[in-house]
Amino acid sequence: MTATVGYSAILVAALSSVGIIVQGFRGMRNPDLARAEKLQWPVYGMVGGALLAMIALEVGILTDDFSIAYIANNSATTTPFIFKVASAWAALEGSIVLWGLVLAAFVYTVYRGFAKRSEPDQLGAGALAVMGIVTLYFFVLMATVSNPFSVCVQPASIGCLEATHFPWADSLAALEGRGPNPLLQNHILMAVHPPMLYVGYVGMTVPFAFAMAALMLGASGAEWLLRTRTWTLIAWGFLTAGVVLGGLWSYEVLGWGGYWAWDPVENASFMPWLIATAFLHSAVVQARRGMLQAWNFVLVIATFALTILGTFLTRSGVITSVHSFTQSPIGPALLWFLMVVLVGSFGLFAARAHVVASSPRLDSLASREGVFLLNNLLLTVFAFVVLTGTLYPMFVDVFSGSQVGVGRPFFDRLAIPLAFGLLLAMGLGPVTPYRSAKPEVVWKRIKNPLRVALGAAALAVLLGYRTPWLVAFILASFFVMSAIFRNLFVTSRTVAQKRDMSLPSATLRTMRNDTGYWGGQISHLGVAILALGIAVSANLSVEADITLTPGSTESVAGFDITYVSPVSRQEATRFVTGAQVEVARNGKVVSQLEPRLNQYPTSTQSVATPEVDASWSGDLYLSLKSIDAEQVTLGVFWFPFIWLVWVGGFITAAAVLWSRLVRKPSDDRLAEAKASRDG
Amino acid sequence: MDSGARTLGGRAITIVLAVVVVVGLVIGDSAPQDRVNAIGSRIKCPVCQGEAIGDSPSETARAMMEIVAEKVTAGETDAQIVDYFTARYGNGILLDPPFSGSTLVVWLLPALAVAGGVWMILSRKRQPAPRGSEHG
C-alpha cells in the first residue's frame, strides 16, 4: 500500500514535470502565455508528488514496512527514531527522493516569484521549463533505475535479497531490516550533513535554469544574475555548511585523526563549491561593471555540471572500483545526463555567444576587476586540479587497466600555494578601487593591516614556529582579517562623524547599509580564520601510536596518558568495546576519555569512535586502534587550535544570513523609497 | 613634523618586523623532520580505500609503517624506501604521483590550465578597448 502510494506519487510528479516543461516553454516563446495560471497545476502536481513520495517513504520506514526493499535494507526495528528518519536518505534510492523534494521546493519558490510579477515574465517561464527538465529526469530516475519503492519478493532473515520493480506485485516482507550502514548511525551529523549538501547542490539548478532561459531568449544583461542572487547565495551557504559538516563528521567519527583526506567523495563536494565561489565573485563584476558576461554563463554551467558529476562520483560506485560501476544502472544514467547537460548547455552557449560576448574590456590589471580575475583564475585552476587528481586514476584504470595513485600529497602540494594566492587576493581585492588603482591609495589602505600581519608572523617566528608555509599562512590570514577590520573601522568612523553617532552604532549602520558587501566580508573573515586553523593544526599537530597495558602511562605532547582498564558493555543498539583512559597534565588529571569500537548487530564491521578532549588551546584526540586482553594501542593526536577550522567554516557559511536577512536601517529605506518616488 | 616622525616610526616598525620574519625563516625550522610519517603519508595502504599507511589503522598498514620506521633508522633515503614499496606493489601504491611516466600528465594539466587562464586574462587586456588608448 505504502509502496503503491509512493510510486504513484513519483509518476504524478514526473507527468507534472512534463506539464511544466510544455507550459514553461510556451510561456517563454509567447508573453501572453507566460502567466501563473498556466503553470499553476503542473507545479502543484510536481511539488505534491515529490512531497507525497517523501512522506510515503518516511511512513514506510517509521512503520517498519519491510515489504519495501529499500526499507528492509536500510532500516531496522531497533534503529533509533532520529536515524530511522535519516535512513530515508542514507542510501542511493532514498537520497534521490530527498533530492527530488529539495528540487521541488526550489521550483516552488521560483514559481512564487514568477506568479507575483505583474508583467509577463518570459525569462521566469523559460527557467521553470529548464527546471522542469531537471525534475523530469530525477523523477524518471526514481520510476526506473533507482526506485525507492521496489517491493521485496525474496526476503532473507534480515533484509531483502531480491526485489521487483512493480509496487503492486505480491510482496514478501522481511522479518527484520538490515539497518543503516553503521558509519551512518554512529553520529547525528550524518542525519544533517547530506540534506545540507543537497540543498547546496540542488539550489545551483536555479541560477543554471535562469542562465539557460536567458541564453534561449537571447537576453543579454545581468537580469538572470540579479534575479537568482538570493538562490545562489542560499545554495552556496548550504554547500559551504555541508562541506564543513562533512569534515567535522569525518573528524568526529572516522577516527583517523583528520577532517579532510582529499578522497573522491570529499572532492565531489568541494569542486562545485570552488566554481560556485568563483561565480559569486564574477557575478559582482558583471553587476558592477558589465564585464564577464560570457564567463558567468560558463561558470554557472560548470557549477551545475559539477553537482551532477559529484552525484555520479558518489552514487555510481565508480569510486570503489571502476568495475562495479556498470553493475549499478544509476551510474550510466547519471553519466548520460551529465553528457546531455554539458553538450546541451555549452551548445546553447556557443550558439548564443555573439549575444552575450560584448562586454567592456579591462582598463587595468591593477584594479578591483583585476583582483577579481585573479580570484577567478585561482578558483577555477583549484577546481581543475581537484578534478584532474580525482578523475585521472579512473581514466588510467579504464583505458589501460593499470593502477596509478593520486592522493593527498599531490593535492596538498598544489592546494597550498593556490589557497595562499586566494588569501592574498582576498586581502587586496576589497581595498583596491575599481577601474584603475593608484599604488599610493592601495598602500595607504594596506600598510597598517600589513604591519599587524607582520607582527603576528614575527611572533610565530620568535616562538620557534618556522615552517615557511605556516608563517606564510599566518601572515596572509592576519592580513585579510586586519584589512577587513580596518576597512570597517575607517568607514564607520566617517559615518559616526557625519551623523554624530557613537562608533558602535555607526559600525552597525555601515554593515546594515550594504549587507551584500559586508556579508561577503564576514565570509572572508570566516575563510581567513579557517585557513589559519588549517595551517596551525596541520603544521603543529603531534601524533603518536602508543601501546599500553592496564595501569601504564605514556607521555605525548605534554599529556600523560594512562590506560585504566578495558571496557565492554551492551548498549541499546550496539555493543561497545573501549578503553578507559585517564589524561593528566603536569600531574593533574584533566579528563577521562573512552575511545571505543562500536559493533552493530546488523553488520560485521565495527566502527571506531574516537574521543576528543577539546579545549581552547586545542584538541587531544584519542582513537582506539586495537585492543585485546593484555594491551591497547591508541592513536594519540594533539591538534592545536583546531576549533578555528570549525568556527571559521561556520562563519563563512552563516555570513549568507547577514547578506540576505538583515535589513537596511529604516530611515535609509524611507529615504530610498522617497528618492525612487520622486524619480 | 609630528606626523613625519610617526611615518618614520611606522616604517621602522614595519622593517624590523619584516626582518624578524625573514631572518627567522632563513635560520629555519627548529622542529626535527618526522621522516617516518612523511613517507607514511605518501604510500597508499593496499587493503584500504585511498588511505595512506600513516592514516590507516589496518594491520597491513601498521606492518608497512614499521618497515618504514626500520628503514629510516637504518639510514636509508626517502627515495630508497619508496622504491622498496613500488618494487613490491607497483606504482599504484604511491599517493604522490611521480613527475614522470603515466602520471606526468596530472602535473602538466594544472600548469596548462594556469597558462591558459593567464593568456585569457592578458588577451582581454591587450585587445583595443573603446577607451583603451587613454590608459596606454
Side-chain angles (χ1 to χ4, degrees), chain A residues 255-258 261-264 319-320 360-365 370 373-374 376-377 380-381 384-385 388-389 392-393 396 400 402-410 413-414 436 447-448 450-451 454-455 457-458 460-462 464-468 471 475 543 545 608 623-626 633 635, chain B residues 10 13-14 16-25 27-31 34 37 41-44 49-52 54-57 59 62 65 90-97 101-103 105-107 109-110 113-114 117-118 120-122 124-132 134-136:
Chain A
W256 59 281
W262 295 107
D263 92 29
I319 284 165
T320 10
R361 301 273 164 190
L362 191 62
D363 293 332
S364 158
L365 276 177
L373 285 180
L374 176 66
N376 264 250
L377 174 69
T380 40
V381 167
F384 184 74
V385 164
T388 315
Y392 189 72
V396 172
S400 74
S402 66
Q403 301 282 324
V404 294
V406 177
R408 190 179 184 124
F410 168 81
R413 201 165 291 180
L414 295 176
S436 172
K447 102 190 142 182
N448 281 327
L450 196 62
R451 257 172 225 159
L454 277 171
V461 164
L462 291 176
Y465 305 121
R466 289 178 195 152
T467 317
V471 176
L475 189 79
E543 55 177 287
D545 281 1
S623 76
L624 187 61
K625 294 210 159 173
S626 70
T633 302
Chain B
I13 292 172
T14 315
V16 167
L17 290 174
V19 167
V20 169
V21 173
V22 172
V23 169
L25 286 179
I27 293 172
D29 212 340
S30 52
D34 184 356
N37 276 325
S41 72
R42 290 172 57 194
I43 293 168
K44 185 157 70 179
Q49 277 176 32
E51 258 181 313
D55 293 331
S56 167
E59 289 289 326
R62 287 173 53 204
M65 278 302 278
N91 274 328
I93 196 83
L94 293 177
L95 285 170
D96 197 7
S102 65
T103 48
V105 183
V106 233
W107 293 103
L109 281 175
V114 173
V118 170
M120 261 171 77
I121 291 176
L122 291 182
R124 290 189 72 78
K125 171 79 177 75
R126 273 201 215 105
Q127 279 174 24
R131 291 172 294 116
E134 303 163 28
H135 294 271

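By convention in this document, chain letters (A, B, ...) are assigned in the order of the sequence lines, proteins followed by strands, and residues within each chain are numbered from 1.
Ranked by heavy-atom pairs shorter than 4.5 Å toward chain B, the options A:Thr633, A:Leu377, A:Thr380, A:Leu374 are led by A:Leu377. Of the listed residues (A:Val385, A:Val471, A:Leu624, A:Asp545), the greatest number of heavy-atom pairs within a distance under 4.5 Å of chain B belongs to A:Val471. With chain A as partner, the option from B:Gly117, B:Ser41, B:Gly10, B:Ala113 having the largest number of non-hydrogen pairs under 4.5 angstrom is B:Gly10. For the set B:Val21, B:Leu94, B:Val106, the entry with the most heavy-atom pairs within less than 4.5 Å of chain A is B:Val106.
Heavy atoms of A:Ser623 lying under 4.5 Å from chain B are absent altogether. Proximity to chain A is absent for every atom of B:Val22, based on heavy atoms less than 4.5 angstrom apart. If you measure heavy-atom distances from A:Ala457 to chain B, the contacts under 4.5 Å come from both the backbone and the side chain. Of the atoms belonging to A:Leu475, not a single heavy atom falls under 4.5 Å from chain B. If you measure heavy-atom distances from A:Leu373 to chain B, the contacts under 4.5 Å come from both the backbone and the side chain. For chain A, no part of B:Ala52 is nearby; none of its heavy atoms comes within less than 4.5 Å. With a 4.5 angstrom heavy-atom cutoff, A:Leu450 does not touch chain B via any of its atoms. Both the backbone and the side chain of A:Phe410 come within less than 4.5 Å of a heavy atom in chain B. Contacts of A:Val404 with chain B are made by both backbone and side-chain atoms, with heavy-atom separations under 4.5 Å.
How far CZ of B:Arg62 is from CD of B:Glu59: 5.5 Å, rounded to the nearest 0.5 Å. Here the CZ atom belonging to A:Arg451 is positioned 3.5 Å from the OG1 atom belonging to B:Thr14, to the nearest 0.5 angstrom.
Considering every non-hydrogen atom in both A:Ala458 and B:Leu17, the closest pair reads CB-CD2, 3.9 Å.
Counting heavy atoms from C-beta outward, B:Ile121 and A:Leu365 have side chains that approach closer than 4.5 Å. At a threshold of 4.5 Å between non-hydrogen side-chain atoms, the residues B:Asn37 and B:Met65 count as touching.
With sequence neighbours left out, B:Asp96 forms a salt bridge (Lys or Arg N to Asp or Glu O under 4.0 Å) with A:Arg413, B:Arg42. Under the side-chain hydrogen bond (donor to acceptor under 3.5 Å, both in side chains) criterion, B:Trp107 pairs with no residue, sequence neighbours left out.
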